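Model, not experiment: these values are computed from the prediction. Throughout, protein chains are lettered first and strands after them, A, B, ... in sequence-line order, and every chain is numbered starting at 1.
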Amino acid sequence: MQQIVVEDLTKSFRIGVRAPGLMGSIKALVKPKYERILALDRVSFSISRGELVGYIGPNGAGKSTTVKILSGILVPDGGRVTVGGRIPWLDRIEHVRGIGVVFGQRTQLWWDLPVMESFDLLREIYDVPRDRYRHTRDDLIERLQIGNLLHIAVRQLSLGQRMRCDLVAALLHEPELLFLDEPTIGLDAVSKLAVREFIGRLNRERGVTVILTTHDMDDIEALCRRVMVIGNGQILSDGTLADLRASVTRERWLTVDLAESAAATVVTDPDAQLIRQEGQRFFLSFDPQRISVADLIARIARRYAVHDLFVENPPIEAIVARIYERRSKSSAQQ
Amino acid sequence: MKAYRAILVSRFLTLLQYRSAAIAGVGTQLFFGLVRVMIYDGFYRSSSSPQPMNVDQVTTYIWLGQAMLLLAMFDADKDVAAMIRTGNVAYEMTRPLDLYSVWFTRALSGRAAPLLMRSIPIFIVAGLFFGLKMPASISAAGLFVLSAFGGLLLAASLIALMTVCLLWTISGEGVNRLAAPMIFFFSGLVIPLPLFPDWIQRAIAVLPFRGLIDTPFRIYLGVLNGPSAAAALLHQIAWTAALVLAGRMLLNRGIRRLVVQGG
Amino acid sequence: MILKTLQLYRSYMNVSFRSQMQYRASFVLRSLGHFLVTGTEFLGFVALFQRFGQIQGWTLPQMGLFYGMISVPFATTEAVFRGFDTFPNLIKSGDFDRYLLRPRSTALQVLGQDFQLMRVGRFSQALIVLFWSAGRLNVDWSPGNITLLLGGIAGGACLFAGLFVLQATMCFWTTESLEILNCTTYGGVETAQFPVSIYRGWFRGIFTFVIPLATINYFPIHAILNIKDALGSTPLLQWLSPLAGVLFLLVCLQCWRVGVRRYTSTGS
C-alpha cells in the first residue's frame with residue numbers, strides 16, 4: 001500500500017544576488033537581482049507503509065527540500081504529493097499529527113526543562129490521551145534506556161543522550177511516519193549502535209515507515225533495504241543497497257599515510273588509481289575483485305614506509321559522481 | 001600606552017560597522033525627540049509665567065539630548081560582564097595591562113563610535129527642520145565640544161565603575177539595574193535639569209550626573225559662560241577623577257576578593 | 001477544543017514562569033529597574049505640571065488617567081506577547097520550522113514561548129498612577145464608566161498586541177532589523193501618554209486613524225470625564241472606540257497567516 005506518492009515534484013528557490021561592498025548593497029536595493037536555483041527537478045517516487053528508506057546525496061542535492069515538502073512545511077512549485085492520502089502543506093495540522101521528525105543537530109526539547117517535563121508538554125501539544133501517553137512513553141524510555149535522564153535539564157545532556165531523548169519525543173504521539181535527519185551525527189560508537197538498533201526494531205516490530213537522511217554509510221548499511229540517491233535535484237538511483245553498490249561501483253578506497261622520512265615519494269600501484277594526495281596522505285581507489293584488500297596492503301607496505309593506512313567505502317560524493325558518469329555515458333551512447 | 005590606543009581604535013572601528021543599526025536608531029530618536037518637543041511646546045503655550053529657559057532653548061536642549069543620548073544612557077560593558085560570569089576574567093588579570101585602564105578605554109571607545117554616528121545625522125536633521133538652534137557663540141561652540149568630551153570621560157568613568165561592581169555578582173547587578181535609571185534622571189534626559197523644582201536644584205548641582213550632558217548643553221545655549229562655565233568644567237573633571245579613583249580602589253578590592261575565593 | 005488550547009497556554013506559562021524564577025534575584029532587580037525607569041519619567045511630568053500648571057487645559061490628574069490607560073495595557077502586552085518581540089531570533093535559528101511541525105497554530109506557540117514577568121515593573125507603576133488619578137478626579141465611577149475604563153485598557157492591550165504581531169510578521173519578508181517600528185509601540189506609548197489633541201495635525205492624524213492609539217484613552221476618557229471633545233468625537237464613538245483595538249488585532253493576525261504562507265512557499 002502506497003503511503004507516500006510523489007510525482008514530478010519540482011521546487012526552485014529565488015536567491016538574491018548581491019555584489020560585494022557598499023556599491024553592491026546600494027545596487028541591490030535599487031535594482032535587486034535574483035538567481036533561480038532548481039532544488040528539485042521532477043522528482044518521482046513512492047514509498048509503502050513499513051519501508052525503511054535511506055535518502056542520500058551530496059549537500060545541496062535536494063534532500064532537505066524533499067523532506068520539508070513531505071512534512072508539509074514547504075510548498076512545491078509543481079508536481080503532486082500525497083502522504084497517507086493527504087496533501088501535506090494544504091492540511092498541515094492534520095498531517096503533522098501523524099508524523100515525527102528528528103533533526104540530528106537541533107533538539108525539539110525545551111532547553112531548561114527536565115526531559116520528562118518536555119515530554120509532558122508534548123503530550124498536551126499533540127493531545128495524546130493520558131493513559132495511552134504513559135504507556136507509550138514508558139515503553140520508549142525503557143527501549144532507549146533514558147530512565148536515569150528524565151529529571152536532568154536538556155542543556156546538561158551529552159549529544160548521545162539528547163538524541164535518544166529526541167527520539168522518544170518524536171514518537172510519543174505514535175506517528176506512522178518518521179523522518180530522521182542525520183540522527184547519528186556526532187555520536188559516539190555506542191550511542192550510534194543503540195540508535196540504529198532502536199530504529200531497526202521500531203520499523204520491524206511496529207511497522208513505522210522511516211525515511212532516513214544521512215551522510216553516514218554505516219547507518220545505511222545497517223538499516224536500509226532500499227536506498228534513494230538524489231543529486232542536483234534528480235533521483236539518480238532507487239533500489240537496494242546491494243544493487244547500488246554492484247551497479248555503480250565495487251570500488252573501495254585505501255588511504256595511506258606515509259612516514260615523515262618518506263618525504264618526496266608518491267604512492268602508486270598498478271592495480272590502484274591515485275585519486276588524491278594531501279601532503280603525506282594518499283587516497284587510492286581499487287577494485288577488490290581485481291586485487292584483494294590483503295594483497296594490495298601487503299604490496300604497498302612492502303614498497304613504502306607506511307605510517308598508517310585504512311580501507312573504507314568511497315564517500316557518497318564519489319558514488320554519486322560515478323552515477324553521473326554512467327548516466328552521461330549512457331545518454332551519450334543514446 | 002600603545003596597547004590602550006590599539007584597544008581604543010579597534011573597538012571604535014568595530015562599532016563603526018554597525019551602520020544600519022545606527023540609522024534605525026537615528027530614525028527612532030528623531031521620532032522621540034519630535035514627540036517631546038511637541039509636548040514641551042504644549043506646556044509652554046499653556047502658561048505665560050517666566051521659566052528658567054524659554055521654549056526655544058528647551059527645544060534645542062531636547063534635540064541635543066537626543067543627539068548625545070549615549071552619554072547618559074548606558075550600562076556596564078557586556079563583554080566584560082560575560083567574562084565575569086564565566087570566570088574568564090581571571091585570565092584578564094594575568095595580562096600585563098592595567099585592568100582598570102583597559103575597561104576604561106573600552107568604555108570610552110564603546111561610546112564614542114555610536115555617539116558620533118548618531119549625533120551627526122540628528123544634528124543635521126533637527127537643525128534644519130526641527131528647531132535645533134546654533135550655539136550661542138563661537139566660543140560657546142568650542143567650549144561645548146570640550147565639555148562634551150569631558151562628559152564622555154565622565155560617562156566612561158561611570159561605566160567603568162559599574163563594570164567593576166559586577167565583580168560582586170548580585171549586588172553588582174543590583175547597582176547596575178537601579179543606578180542606570182537614576183543616572184538617566186539626574187542627567188537631564190528625562191526633563192531638562194533647569195526645569196526641575198527649585199528645592200532639588202542644590203542636590204543636582206552637587207551630583208556628578210549633570211556633567212554628562214547638562215553642562216555641555218548649558219554651555220551650548222550660552223546659559224553658562226565665562227566663570228560659570230569654568231566652574232562647571234571643573235566639576236566635571238573633579239568628579240571624573242573621583243570616580244576613576246573609586247573605580248580603581250574597588251577593582252583592587254574586587255580582585256583580592258576573587259583571588260581569595262579562588263576565582 | 002478552546003478549553004484544551006487554554007490549558008496548553010497555561011502549561012506554557014508555567015514553564016516560562018519557572019524558568020524565570022530560577023533567577024529570582026535578577027527578576028526582582030529588573031522589575032525594580034523598570035519601575036524606576038517609568039516612575040522617574042512620570043516624576044518628570046509631575047515636575048512640569050508644577051511649573052506650568054496645566055497643558056492645553058489638561059491637569060495632572062487628567063494626564064495621569066491618560067498615562068495609566070495607555071501604560072497598563074502596554075505593560076500587559078510587553079509581558080504576554082514577548083514571544084513576538086523576540087521572533088526574529090526564532091526565524092534566524094530555524095526553530096520556527098519546528099513550530100510548523102506541531103499540530104497547533106503557530107501564533108499560539110509563539111505566544112506560549114515567553115511571558116515576561118519583569119514587565120510587572122512598568123505595570124505596577126502605571127497602575128499606581130491610574131488609581132491615584134482616578135481618586136483625585138471628580139468622576140462618578142459608575143459601572144458604565146468603569147466598564148469603559150476597562151474596555152479602553154482591554155482594547156489597548158489588543159492594539160499593542162496587534163503591533164507586536166505586525167512587527168514580527170515583517171520577519172517573513174525581510175531579514176533586516178526593523179528597529180524603527182519601535183516608534184509605533186514605544187513611541188506610541190510616549191505619544192499617547194498625553195491627550196493626542198496637543199499634537200500637530202498630521203502627527204495627531206497618524207495616531208488617531210493609522211495606529212489608532214487615540215481609541216485607547218483619548219476617546220473613552222472624554223466620555224468618562226464627560227468633556228466635550230475639541231476634535232469633535234461623539235459619545236457613541238467614544239464608547240465604541242476600544243473595539244478598534246480588537247479589530248486591529250484581528251487584522252494583524254490575518255497578516256500573520258499571510259506571512260506564514262509566504263514562509264512556507266519560499267523556504268527559509
Around atom CZ of A:R132, are there more than 12 heavy atoms from other residues, nucleotides or ligands closer than 6.0 Å?
no

For C:L100 against A:I73, the heavy-atom pair lying closest together
CB-CG2, 3.5 Å

Heavy-atom contact with chain A under 4.5 Å, split by part of C:S105
backbone

Atom group of A:L122 that falls short of 4.5 Å from chain C, counting heavy atoms
side chain

Please walk me through it: do A:K68 and C:D97 pass side chain to side chain contact (heavy atoms under 4.5 Å, CB included)?
CA-CA 9 Å; A:K68 281 187 184 175; C:D97 285 351; 3.9 Å; yes

Examine whether an atom of A:E94 lies under 4.5 Å from a heavy atom of chain C, and if so say whether it belongs to the side chain, the backbone or both; otherwise answer neither.
neither

When the 4.5 angstrom heavy-atom criterion is applied to A:L113 and chain C, the contacting part is side chain

Surrounding CZ of C:R262 (heavy atoms of other residues, nucleotides or ligands, distance under 6.0 Å), is the total greater than 12?
yes

Determine the option with the most heavy-atom pairs under 4.5 angstrom with chain C, choosing from A:D120, A:I125, A:L121.
A:I125

So which bits of residues 18-41 of chain C come within less than 4.5 Å of chain A, counting non-hydrogen atoms only?
C:R18, C:S19, C:Q22

Would you sort out whether C:R98 and A:V101 count as a side chain to side chain contact (heavy atoms under 4.5 Å, CB included), showing the intermediate values?
CA-CA 9 Å; C:R98 181 49 75 177; A:V101 182; 4.2 Å; yes

Non-neighbouring partners of C:F96 that pass ring-ring contact (aromatic ring centres under 6.0 Å, His included), sequence neighbours left out:
C:F87, C:F172, C:Y263

Considering only heavy atoms, which portion of C:N14 lies under 4.5 Å from any heavy atom of chain A: side chain, backbone, both, or neither?
neither

Nearest non-hydrogen partners of A:F103 and C:L101, listed with the distance
CE1-CD1, 4.0 Å

Working for side chain to side chain contact (heavy atoms under 4.5 Å, CB included), residues A:Q108 and C:R102:
CA-CA 11 Å; A:Q108 73 154 318; C:R102 294 192 180 137; 2.9 Å; yes

For the student: nearest non-hydrogen atoms of C:D95 and A:R106, plus distance
OD1-CD, 3.4 Å

Among A:K11, A:R14, A:R97, which has the most heavy-atom pairs under 4.5 Å with chain C?
A:R97

Between C:Q109, C:Q7, C:R104, which shows the greatest number of heavy-atom pairs under 4.5 Å with chain A?
C:R104

Rounded to the nearest 0.5 Å, the OG atom of C:S16 sits from the CH2 atom of A:W110 at a distance of 12.5 Å

Max heavy-atom pairs within cutoff under 4.5 Å with chain C, candidates A:D112, A:D77, A:D127, A:I99, goes to A:D127

Heavy atoms of other groups near C:F17 CZ, more than 12 under 6.0 Å:
yes

Ranking A:I69, A:V75, A:T65 by heavy-atom pairs under 4.5 Å to chain C gives rank one to A:V75

